[in-house]
J.: 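My questions will all concern the structure given below.
Protein chains get the first letters and strands the later ones, always in sequence-line order, with residue 1 at the start of each.
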4 protein chains.
Amino acid sequence: MDRRVRASQKRRRLTAAAARVLHGQGVERTTLADIAREAGVPAGNVYYYFKTKDELVRAALSEHRAHLDELTAALEESADPRDRLKGLVKAWVDQRETAARHGCPTGTLAVELGKRADGTLDAEAGAVIRHLLDWAAAQFRALALPAPDDLALTLVSAYQGMSLLANALRDPTVMTREGARLLRWLDALGGPDGPDGPGAR
Amino acid sequence: MDRRVRASQKRRRLTAAAARVLHGQGVERTTLADIAREAGVPAGNVYYYFKTKDELVRAALSEHRAHLDELTAALEESADPRDRLKGLVKAWVDQRETAARHGCPTGTLAVELGKRADGTLDAEAGAVIRHLLDWAAAQFRALALPAPDDLALTLVSAYQGMSLLANALRDPTVMTREGARLLRWLDALGGPDGPDGPGAR
Amino acid sequence: MDRRVRASQKRRRLTAAAARVLHGQGVERTTLADIAREAGVPAGNVYYYFKTKDELVRAALSEHRAHLDELTAALEESADPRDRLKGLVKAWVDQRETAARHGCPTGTLAVELGKRADGTLDAEAGAVIRHLLDWAAAQFRALALPAPDDLALTLVSAYQGMSLLANALRDPTVMTREGARLLRWLDALGGPDGPDGPGAR
Amino acid sequence: MDRRVRASQKRRRLTAAAARVLHGQGVERTTLADIAREAGVPAGNVYYYFKTKDELVRAALSEHRAHLDELTAALEESADPRDRLKGLVKAWVDQRETAARHGCPTGTLAVELGKRADGTLDAEAGAVIRHLLDWAAAQFRALALPAPDDLALTLVSAYQGMSLLANALRDPTVMTREGARLLRWLDALGGPDGPDGPGAR
DNA sequence: TATGAATGAGATTTCATTCAT
DNA sequence: CATGAATGAAATCTCATTCAT
């Protein structure tokens, strides 16, 4: 295995480690040494792959976005957009233990980055969330529902809200309860009662 | 005005400054000097009132809880619990600019504190959120709706979700759009279609 | 009770508290607040009785010297100087638990003060020890023993040594064992074997 | 000379500097900057080698113990245990100027560390002293004297006592006088009067 | 590339001492 | 006299980043 390959493996290990540790400990409480240790890379070496700590944060964000892309790609195996959306909700509920411990990786990262004075990285966290919004809107649009963007907003908003509460209350059942409601909502959408959002009526 | 009075004023000034600055910059990026400056107090003096930085965070949390109590007290001037809840949603929407800039004070604090290994303060952030849940549940119960706790969870979860998204996307209209939906939902709740709760159909 | 009396009581309380706390925690690890608390005096008030922390240390030293004077006065009720010296040793052994916990009050104070660059207070600690040396020498002289100053040095040195070891090893039996030896030595002194010091032959 | 070698040299320089400065100024009055300056190392760099100040204290203690081991190793060139013990006493007397200025390095360290509430490091100071006790006891045992542990206690105790007094009185002749007595005592031990040990009779 | 070592800026915290009433 | 409040200097410790090999 030549240098080039080993190097890109190390980069990948560092990226994955950054995603894990930053999710668990938050950006500000994570040191480069933490990430290096988790990746099994000597601390001084990190700078050959990432010039600054912020670049590691960026890499973690792209890792989360990649996970998201994998998930949506898998969901697209279903032909029915409604099934895709329900699959998304089920995937969220499956992650309930992680959510209760650390919240949504992207959402909590967005919160931390939003506190920065210089608005550099927070835009990138927002972009990952917008990516999810866009995907959800596309599904709602495929269902020929009105205001698909608003429906997407409602869905993703509910996800971020339930993740935050599960985390703040350290209670994974928050995910289960809200998840069940979202599934009912998705099933009812476009039915006789009109498309007014979750729990409409 | 004697020493005693001035002193407790200073304590209050510090608490208010802590709440403001911690909301704006986050816990980890805020130094004691930041809070002292905002309060107009010499840095060394802060420790006369708060023995550690964590105590300032605690004070900020209690400040947020006090704000919440003020708000709910004002809402209780309405006799109708439904109006109270709608008033709550309107208050959230009124704060849309702040939410877009910094998110929900308590929610973002909970996210940051949740990243700590030592789980002391995050419980207190969770308690403030639970306080809001309890108040909302009481209103739903007064409306004789079934599963008032779940309804409260849905409502507060929606608030945290829309605040997080408004903040991550730097877009206050998220608050407006989701707020409008929540108002329609509250109006419809317990309506002609039976008391099935949110997401019914 | 008039002000004057109350004031001097407070001064005495502070002095006693200083002696106690400085012995237990050492000079450098003791704050004025510690002493004020122990004395039941408000912190800001201490400065009316002692202008600096060093003056409190000085007061503690004089307290220890006063204790020493009380002890020697009591010992002088014995007519026989040898009994007086043996009484002194017995008093030391009686304090074995304190010695194991905190060492000799004056000795440990002298060690700490000896570390100061400016040789101000260490001389005063030395003076208390010299006072004990002088008293012991007087007893040896009264016994018509040769080189009473050396005998005193041996005795006091043994005391400081056994206190330090009892403290360092956290073992009060050091006091018991060495104390027993010193008693045998005092008994033997001036006997047929000559006055060559403790354990001579 | 490569990095690795220079680094361990620096560590050694820091350890030696810590031993020197802590002996001279005491633990509490010594700052990390003092030690860094003495070692010719930038202050921020100290933490690369020692994570806390306490670790520097620990290193200083091990340095003192190493000195002690060197000394006893040299003494063991004498075949006669009595000569070894007399050599020890002579070494102490040779250090009289240092003792008068700063006391025994290990003894004064033990005193300071004994004042701490948290009893972690003081045990290590005690261990160094116990190490000396053990060595001395082994010599007395080799001389077939009864109660060698008590004899060792007497000897080491005398050393700590005379060091403390020399320091407190700023008088190196204390070491000379007590040292001479100890030499006579060692010579007489186990002599014509029977093996009753120190204080016999 | 790789890596242990180095660095310095900055954060939290402590406390003797002084002030104002 | 009394006292809560105030202050600033200094100490420990952390860490992102850079250096030298």
J.: Please state how far atom CG in L56(A) lies from atom P in dC15(F), giving the value in whole angstrom units.
T.: 15 Å

J.: With respect to the side chain of T52(B), which nucleotide from dA16(E), dT12(E), dT13(E) is positioned closest?
T.: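 Ranking dA16(E), dT12(E), dT13(E) by closest atom to the T52(B) side chain puts dT13(E) first.
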
J.: Distance only, no hydrogens: is a donor on one side chain within 3.5 Å (strictly under) of an acceptor on the other, for D118(D) and T120(D)?
T.: yes

J.: Is there a Watson-Crick or G-U wobble partner for dT18(F) with both distances under 3.5 Å, and which nucleotide is it?
T.: dA5(E)

J.: Rounding to an integer number of Å, can you tell me how far E28(B) CD sits from dT12(E) C1'?
T.: 13 Å

J.: Just the rounded figure in Å: distance from C1' of dG4(F) to CD of Q9(B).
T.: 16 Å

J.: To the nearest Å, how far apart are I35(B) CD1 and dT13(E) C1'?
T.: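 Taking CD1 of I35(B) and C1' of dT13(E), I get 14 Å after rounding.
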
J.: Without swapping roles, check the side chain of K115(C) against the backbone of H23(D) for a donor-acceptor pair under 3.5 Å.
T.: yes

J.: Specify the separation, in whole Å, of atom NZ of K53(B) and atom P of dT12(F).
T.: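 These atoms are roughly 21 Å apart.
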
J.: With a cut-off of under 6.0 Å to the ring centre and 45° to the axis, is R58(A) in cation-pi contact with F50(A)?
T.: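 That pair does not qualify as a cation-pi contact.
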
J.: My understanding is that a pair needs two contacts under 3.5 Å, Watson-Crick or G-U wobble. By that rule, which nucleotide pairs with dA11(E)?
T.: dT12(F)

J.: Do the charged groups of D34(B) and R20(B) touch, with an N to O distance under 4.0 Å?
T.: no

J.: Quick check for you: among dT13(E), dA11(F), dT3(F), whose closest atom lies nearest to any side-chain atom of Y47(B)?
T.: dT13(E)

J.: Please report the distance, rounded to the nearest Å, between CG in N45(C) and C1' in dC1(F).
T.: 8 Å

J.: Rounded to the nearest Å, what distance is computed from the CZ atom of residue R37(A) to the P atom of nucleotide dG4(E)?
T.: 14 Å

J.: Can you measure D54(D) atom CG to dT12(F) atom P for me and round it to whole angstrom units?
T.: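 Rounding to the nearest Å, CG of D54(D) and P of dT12(F) are 11 Å apart.
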
J.: More 5' along DNA chain E: P42(A) or V27(B), using each one's nearest nucleotide?
T.: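 With P42(A) and V27(B) compared, the 5'-side residue is P42(A).
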
J.: For A33(A) and for G44(C), find the nucleotide of DNA chain F with the closest heavy atom, then tell me which residue's nucleotide is more 5'.
T.: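 Nearest-nucleotide comparison on DNA chain F picks G44(C).
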
J.: Step by step, would you call H64(B) with L109(B) a side chain to side chain contact (heavy atoms under 4.5 Å, CB included)?
T.: CA-CA 10 Å; H64(B) 293 314; L109(B) 215 39; 4.0 Å; yes

J.: Would you tell me if any nitrogen or oxygen in the side chain of Y48(C) comes within less than 4.0 Å of OP1 or OP2 on dA2(F)?
T.: no

J.: Students often get this wrong, so: under 4.0 angstrom with heavy atoms, is K10(D) touching a base, only sugar-phosphate, or nothing?
T.: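 Counting heavy atoms under 4.0 Å across all strands, the contact made by K10(D) is with sugar-phosphate only.
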
J.: Under 4.0 Å from OP1 or OP2 of dA2(F): is there any side-chain N or O of Y49(C) that close?
T.: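 True: Y49(C) side-chain N/O within range (under 4.0 Å) of dA2(F) OP1/OP2.
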
J.: Nearest nucleotide by nearest heavy atom, which residue falls closer to the 5' end of DNA chain E, L32(C) or A43(B)?
T.: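 Its nearest nucleotide being more 5', the pick is A43(B).
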
